[in-house]
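Below is one structure, written out as C-alpha cells, with a few remarks after it.
Just so it is clear, the values below take in all heavy atoms, side chains as well, and ignore hydrogens, waters and symmetry mates. Quantities reported herein were computed from a predicted structural model and do not represent experimental measurements. Note that ligands are numbered from 1 as they come in the structure, with each ligand's atoms numbered from 1 the same way.
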Amino acid sequence: MKEFKKIGVLTSGGDAPGMNAAVRAVTRTALARGVEVMGISRGYSGLIDGDIRPLGLRDVSNIVNKGGTFLYSDRCLEFKTPEGMAKAVATCRELGIDGIVAIGGDGTFRGATDLTAHGVPCIGIPATIDNDITSTDTTIGFDTAMNTVIELVDKLRDTCESHARCNVVEVMGRGAGDIALHTAIASGASAVVVPEFPHDDDSICKRIKKAREIGKRNFIVIVSEGVGSDYGPALTKKIETEAGVETKFARLAHIVRGGNPTLADRVIASKMGVYAVEALLRGESNLVVCEKRGEIGTVDINYALKLDRMYKGTLKDGDLDPFTEDQIQSMKDEIEERKQGLLALYTVENKINL
Ligand code: ADP
C-alpha cells in the first residue's frame, strides 16, 4: 500500500461556511498521523500555479468559527484542459504531494476524479450551501445558510407587519429547493415555490387576498432561485395586483453564503475532515465523503456524479454502463428517498402556511 508522507488540501467552487472547519480537521488529523499537510490556495488554480504552503498545527488555529475559506476558492477552467491537468500533476510530483482532499461541490469532485485518474489519489468533501449533492443528506454550509435566511426573513417580517406588506424573498439553491423548503417552514412563510413541485400563482394570490380580508397584515413568500430569476419579480407584481397587498421583492443572493458557520456545520465539517484523511491514509481514493441518516461514510465519486445526473434528469448515453443492476437500483432508491423527504417538507409547509 502506498505510504502517505504528505497530503494537500484545497477548497474549490462556491464557498460555504464550514470549509475552514473542514480544512482544520483535515490538517490536524493528518499531522497527528505524522503526515505533512500542504494548503493549496485558490482551488485547482493554486495546484497549477504552485500557490501552496505547508500547514502546521497553529496555521489552522482560530478558523473553526470563520466563514468563507482562508485557502480561498476559484473556478479554474485551465484545470479542465490536458495542459492544466499536466501542470497540476507536475506540481504534486515536485512537492511530493501523495494525495489530496478536495472540498467543494460536484465540479470540484469532477476535478478530483480526473486527478485521481492521473495518479494523484483524491477524496472529496461536499461543501455547498445548496445541499444539492444527492449522495449525502447534508452538505457543509447548508445549515448556516438556512439560519442566515431565517434571520433575514425575520427582519423583513417586522417591517412587513408594520406596513401591512408582503415580501417575496428569493433564496439560493441552484436547482435544489432544500434551502427554500426548510426556511419557508422555519420563517412561517405564507407560500413557497421550488423547482421540484408545480406552483400555482393564482392560488397563492387568492390565499393572500383572503387572509388579508380577515386581517392578516404581513406575508412572506419564499422562492427558490431554481424557478428562474424572473419568477420572483413577476410574482411580486402579480400579488400586488391580484391580492391587493403592497409587495416588495428581496433577492438574498450571496449574502447567505457568508457568516460564521453554525454548530451543525462546524461539527459535520470536522467529522467529514477526519473521515476523509483516515480513508485516504487507508489507501482509499476517488471517493466523496457523505452523511446518510447521521452516519458518515463514503461513496465512489463516479457513482455520486451519475446519481446526481439521474436525480437532475441529465444522464447522458452510456453514463450508467459501468454500474451493476444493483447499483442502478440503489441510485433509484436514494433518489426516491430524497424526493420523499422533500415532499414531506412541502406537505408540512402547505398545512401550516396560512
Ligand atoms: P462546485 O465544486 O461548487 O460545483 P464548480 O462547478 O465551479 O464548483 O467546480 C469547481 C472547479 O472544479 C472548477 O473551477 C474546475 O477547476 C474544476 N472542475 C469542474 N468541472 C470539472 C471537470 N469536468 N473536469 C475537471 N475539473 C473540473
Side-chain angles (χ1 to χ4, degrees), residues 8-20 22-23 26 40-52 67-69 71-92 100-136 138-142 144-145 172-176 178-179 225-226 253-254 256-258 265 269 272 276 285-290 299-309 311-312 314-316 318-319:
V9 58
L10 60 82
T11 53
S12 154
D15 68 340
M19 278 182 157
N20 285 326
V23 173
V26 165
I40 301 159
S41 296
R42 298 179 292 112
Y44 295 115
S45 301
L47 201 55
I48 289 174
D49 304 347
D51 190 358
I52 297 171
T69 161
L71 289 178
Y72 307 138
S73 189
D74 201 3
R75 303 204 192 260
C76 173
L77 293 181
E78 193 186 353
F79 188 68
K80 295 189 190 179
T81 66
E83 298 75 27
M85 176 57 70
K87 283 190 205 165
V89 172
T91 308
C92 292
I100 287 179
V101 177
I103 304 166
D106 54 355
T108 301
F109 303 152
R110 276 193 285 277
T113 195
D114 279 3
L115 198 51
T116 305
H118 284 82
V120 182
C122 293
I123 292 207
I125 294 184
T128 156
I129 64 161
D130 303 324
N131 206 38
D132 62 348
I133 295 177
T134 319
S135 53
T136 183
T138 322
T139 56
I140 297 168
F142 175 48
T144 306
M172 278 193 160
R174 292 208 289 189
D178 295 48
I179 293 181
E225 70 171 336
H254 292 79
V256 305
R257 285 247 291 257
D265 275 330
M272 287 182 165
S285 66
N286 207 36
L287 301 173
V288 180
V289 180
C290 54
V299 52
D300 178 80
I301 292 188
N302 293 316
Y303 178 95
L305 292 173
K306 300 305 173 323
L307 173 66
D308 261 342
R309 282 197 188 158
Y311 182 75
K312 290 166 189 160
T314 55
L315 276 175
K316 297 183 182 134
D319 269 355

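- With a 4.5 Å cut-off on side-chain heavy atoms, Arg42 and Cys76 do not count as touching.
- Ionic pairing of Asp308 and Arg110 is not present here: no N-O contact between side-chain nitrogen and carboxylate oxygen is shorter than 4.0 angstrom.
- For the pair Leu115 and Leu47, the minimum side-chain heavy-atom distance is below 4.5 Å.
- Distance check: Ile40 CD1 to Leu71 CG gives 8.5 Å after rounding to the nearest 0.5 Å.
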Checking Cys122 against Ile301 for the side-chain contact (heavy atoms from CB on, under 4.5 Å) test, could you report, in this order, the C-alpha distance in whole Å, the side-chain angles of both residues, the deciding distance, and whether it holds? CA-CA 10 Å; Cys122 293; Ile301 292 188; 5.5 Å; no

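- Protein residues with a heavy atom under 4.0 Å from ligand 1 are Ser12, Gly13, Gly14, Tyr44, Arg75, Cys76, Phe79, Lys80, Gly105, Asp106, Gly107, Thr108, Arg110, Gly111, Asp114.
- Of the candidates Thr138, Thr136, Asp178, Asp178 is the only one forming a side-chain hydrogen bond (donor to acceptor under 3.5 Å, both in side chains) with Asn131.
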